[in-house]
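Below: the structure, in structure tokens.
Remember, it's a predicted structure, so these values are computed and weren't measured experimentally. So you know, we letter chains A, B, ... as the sequences are listed, proteins then strands, and number each from 1.
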2 protein chains.
Amino acid sequence: MVTIKDVAKASGVSPSTVSRVIADNPRITEDTKKKVRKAMKRLGYHPNISARNLVAKSTKAIGVIMPSSADKALQNPFFPEILRGIGSVIHDVQYSMSLSTGETEEEIFREVQRMVYGSYVDGVILLYSRVNDRVTNFLRENEFPFVIVGKPYDHETEITHVDNDNFRAGKEITEHLIAQGHKRIAFIGGSRELIVTMDREAGYEAALQGAGLENCDGYKIHTEFLKSGGREAVEYLLSLETRPTGLVVSDDLISLGILARLEEAGIHVPHDVSLVSFNNVYLSEITRPALTTVDIQIYELGAQSAKVLIEKTKNRNEPAKRIIIPYHIINRDSVNDLR
Amino acid sequence: MVTIKDVAKASGVSPSTVSRVIADNPRITEDTKKKVRKAMKRLGYHPNISARNLVAKSTKAIGVIMPSSADKALQNPFFPEILRGIGSVIHDVQYSMSLSTGETEEEIFREVQRMVYGSYVDGVILLYSRVNDRVTNFLRENEFPFVIVGKPYDHETEITHVDNDNFRAGKEITEHLIAQGHKRIAFIGGSRELIVTMDREAGYEAALQGAGLENCDGYKIHTEFLKSGGREAVEYLLSLETRPTGLVVSDDLISLGILARLEEAGIHVPHDVSLVSFNNVYLSEITRPALTTVDIQIYELGAQSAKVLIEKTKNRNEPAKRIIIPYHIINRDSVNDLR
DNA sequence: CTGTTAGCGCTTTCAT
DNA sequence: ATGAAAGCGCTAACAG
């Protein structure tokens, strides 16, 4: 391995000068810079990152934590997309990103511990937000720079987070259904532990209430995210005396399953029942019918979270921020006008 | 930050002893170990990874390189799933994984350069394989440990790779269609630059040939992966004088689009046309009809590649290996028996 | 503008 | 079985 010393020797300067050339320090002559750079190129010099990290006490790396989850849920295209958003800004500032590898909550927790205590990363992005999360608490207690994509369960004002207004989105998309003449509207969501589910559901409820519609528990279904592709949820729905005419589904991937199960049962979307959902992943535009869904701008969610985190790592007493990414309702073909 | 020195002082031993305790060196008394460990716990000591990396000349990190690709293609659930596989073994050996963030080929190339030259990672996993790939060549020339998920374009015997037998899989799934009485079978694939497309297509061709069926170019369509959800491909298909009765599609996500476009055109799967595809991502079991597809065991592909890479980083002159992950045809509902 | 020196936190001979 | 000392490659005062 060729080090800074080799370059120094080869170009007849001191190691510190070489270091300064690397940092493009203005106090170095263009001449020496040129000379040193030539030597670097000739010898094939590249700075050793570990050495630099050691003295800089910063790794220019951020940790990205995926939710604990045996299997399927992670196949949600939400994740590659948000990673892409994070990656884009990470890339621009020449940082790197380290992805969590744990499957269980416990594994992930220990991983985050290693990241933090080992000074392995300068900051952490949490790609989920759930009730009473150990990782969140740990990060908070250690005052380690982190940001949540989503809304924190508590200490909302102290934790920097990037989120959509999921309450309003839930409300608005439900109102959209109501405006089309729907009166019996059900909600199908993922785990109740997830804040995002809670928020969207609360929005749904508010819309019903606002329209003076009945708000019965029988119309709120929580499926263990991808459980059998929504079969149970649909079976339950079909067993109902008075079936809903509209469905608010908290995630496009769930919608896909629901859609298929519904059609299987001979119920056509949007003819027999209308469906709206959330996220606007690529999927939702290629299904049939294409989904009317809330575009939450996943990419932007990722990009902004990375941006604000990096600011935070650079200036540790940056105040906690809440960043709300606007959403847009994308009208496609899964909603029927009942009027 | 509490360092090894602090622990040493607190427990009345020398720094080197503490270091040995960390490494669980057998030449240290159980007594001193206990003593030192207690001090570590009390002070909240955690080893600094950068410092360790610097002297160990190893980072226990591996780089995972995603294909260059503006947008959609990365939304393929293939990626989270393979990341999960890689993650599982990475996790077990306490390594970490660094994900590429570049979008263009050029960006990715420079990123890999940084990873390699900066000793940022001990090895690299390439999640794609394409014709004349710059990154592959770079890694090869530098004799840096890496493995390809897929089949290398050239130097096949010198490059460790983890792959399915895509040729056979393509052949077998096509033969499956043939066995059901299909005679006019088209192939719809992603980019021709991707080795995986080439292999599956070659298998498809071999099956036709083996059955003495016509093998015309008009039946081979290459769509820019996700272009408009396969609309063009389907339109083209419909414009044909004699339409195929069977479709071999190189990726589940493409299939999903094709499926929808077909139904839009009033062509029912499998009644009017049968469709088979590849990957068996979660999607393929929740669509309607559920897809008959080749389960390529994505998770295993990831896990094995990580495993073999880690071996390689530990023993740099481990010989190049080829690891073939078995595939299974999953029969679901997208194929019609014509006999 | 450049060189000298010290030191980041850890591991590893080499002594003892 | 343990300690002292050197050094991994780099940066950053401090001099000059």
Side-chain angles (χ1 to χ4, degrees), chain A residues 1-40 43-61 94 114-122 314, chain B residues 1-40 43-61 94 114-122 314:
Chain A
M1 160 164 265
V2 27
T3 79
I4 223 172
K5 277 187 189 168
D6 301 321
V7 178
K9 211 161 288 175
S11 47
V13 298
S14 76
S16 41
T17 301
V18 177
S19 176
R20 291 188 183 104
V21 172
I22 295 168
D24 202 18
N25 188 315
R27 304 190 314 194
I28 302 285
T29 334
E30 272 310 315
D31 274 7
T32 27
K33 279 188 185 173
K34 223 164 263 170
K35 192 172 55 182
V36 171
R37 291 206 178 104
K38 211 165 66 189
M40 297 199 309
L43 302 187
Y45 169 79
H46 293 269
N48 179 304
I49 302 192
S50 295
R52 181 178 291 178
N53 287 349
L54 178 57
V55 26
K57 289 185 175 334
S58 145
T59 58
K60 285 182 166 244
Q94 301 240 53
R114 283 211 320 146
M115 285 184 175
V116 171
Y117 287 141
S119 314
Y120 199 78
V121 296
D122 292 349
K314 289 191 169 155
Chain B
M1 160 165 265
V2 28
T3 79
I4 223 172
K5 276 185 190 169
D6 302 320
V7 178
K9 211 159 288 176
S11 48
V13 299
S14 77
S16 36
T17 300
V18 177
S19 176
R20 290 187 183 105
V21 172
I22 294 169
D24 203 20
N25 188 316
R27 305 190 312 194
I28 302 285
T29 331
E30 272 309 316
D31 274 6
T32 27
K33 278 188 186 173
K34 224 163 265 171
K35 192 173 56 182
V36 171
R37 291 206 179 104
K38 210 165 64 187
M40 295 198 310
L43 302 186
Y45 169 79
H46 292 269
N48 179 305
I49 302 192
S50 294
R52 181 179 287 178
N53 287 349
L54 178 57
V55 25
K57 290 184 174 334
S58 145
T59 58
K60 286 183 165 244
Q94 301 241 53
R114 282 211 321 147
M115 284 184 175
V116 171
Y117 287 141
S119 313
Y120 200 77
V121 296
D122 292 349
K314 289 193 170 155

Does [X] make a side-chain N or O approach to OP1 or OP2 of [N] shorter than 4.0 Å?
X: K57(B); N: dT11(C); answer: no
X: K33(A); N: dC1(C); answer: no
X: R52(B); N: dT11(C); answer: yes
X: Y117(A); N: dG9(C); answer: no

Rounded to the nearest Å, what distance is computed from the [atom1] atom of residue [X] to the [atom2] atom of nucleotide [N]?
X: L54(A); N: dT11(C); atom1: CG; atom2: C1'; value: 13 Å
X: K9(B); N: dT2(D); atom1: NZ; atom2: C1'; value: 18 Å
X: I4(A); N: dT4(C); atom1: CD1; atom2: C1'; value: 15 Å
X: D24(B); N: dT2(D); atom1: CG; atom2: P; value: 13 Å
X: H46(A); N: dC10(D); atom1: NE2; atom2: P; value: 12 Å
X: D31(A); N: dT2(C); atom1: CG; atom2: C1'; value: 14 Å
X: I49(B); N: dG9(C); atom1: CD1; atom2: C1'; value: 12 Å
X: N53(A); N: dA12(D); atom1: CG; atom2: C1'; value: 16 Å

Kindly point out which of dT12(C), dT2(C), dC10(C) is positioned nearest to the side chain of S16(B)?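 Nearest listed nucleotide: dT12(C).
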Select one nucleotide: of dT2(C), dG7(C), dC10(C), the one nearest the side-chain heavy atoms of V55(A).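 The listed nucleotide nearest to V55(A)'s side chain is dG7(C).
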Tell me what [X] touches on the nucleic acid: a base, only sugar-phosphate, or nothing, going by heavy atoms under 4.0 Å.
X: I28(B); result: sugar-phosphate
X: T32(B); result: sugar-phosphate
X: V18(A); result: nothing

Nearest nucleotide by nearest heavy atom, which residue falls closer to the 5' end of DNA chain C, S14(A) or N48(B)?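 Of the two residues, S14(A) wins.
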Can you tell me if S14(A) and T17(A) form a side-chain donor-acceptor pair at under 3.5 Å?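 Yes - a donor-acceptor pair under 3.5 Å links their side chains.
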Compare all side-chain heavy atoms of M40(A) with those of I22(A) and state whether any distance is below 4.5 angstrom.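 A side-chain contact under 4.5 Å exists here.
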Quiz item: S19(A) side-chain donor-acceptor pair to dA12(D) base, under 3.5 Å: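 Per atom types, no contact qualifies.
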Do the side chain of R27(B) and the base of dT12(C) come within less than 3.5 angstrom through a donor-acceptor pair of N or O atoms?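 Donor-acceptor pair under 3.5 Å: no.
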Please test T59(B) against N53(B) for side chain to side chain donor-acceptor pair (under 3.5 Å), starting from the C-alpha separation and ending with a verdict. CA-CA 5 Å; T59(B) 58; N53(B) 287 349; 5.4 Å; no
Return yes if some donor-acceptor pair links the side-chain N/O of T29(B) with the main-chain N/O of D31(B) below 3.5 Å, else return no.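 Absent.
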Report the residue (T17(B) or P15(A)) whose heavy-atom-nearest nucleotide on DNA chain D is the more 5′ of the two.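 Counting from the 5' end, the first nearest nucleotide belongs to T17(B).
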Heavy-atom closest contact (L54(B) atom, A51(A) atom, distance):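 Closest approach of L54(B) to A51(A): CD1-CB, 3.6 Å.
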CA sep, side-chain torsions, deciding dist, call: D24(A), K33(A), salt bridge (charged side-chain N to carboxylate O under 4.0 Å, His left out): CA-CA 8 Å; D24(A) 202 18; K33(A) 279 188 185 173; 2.8 Å; yes
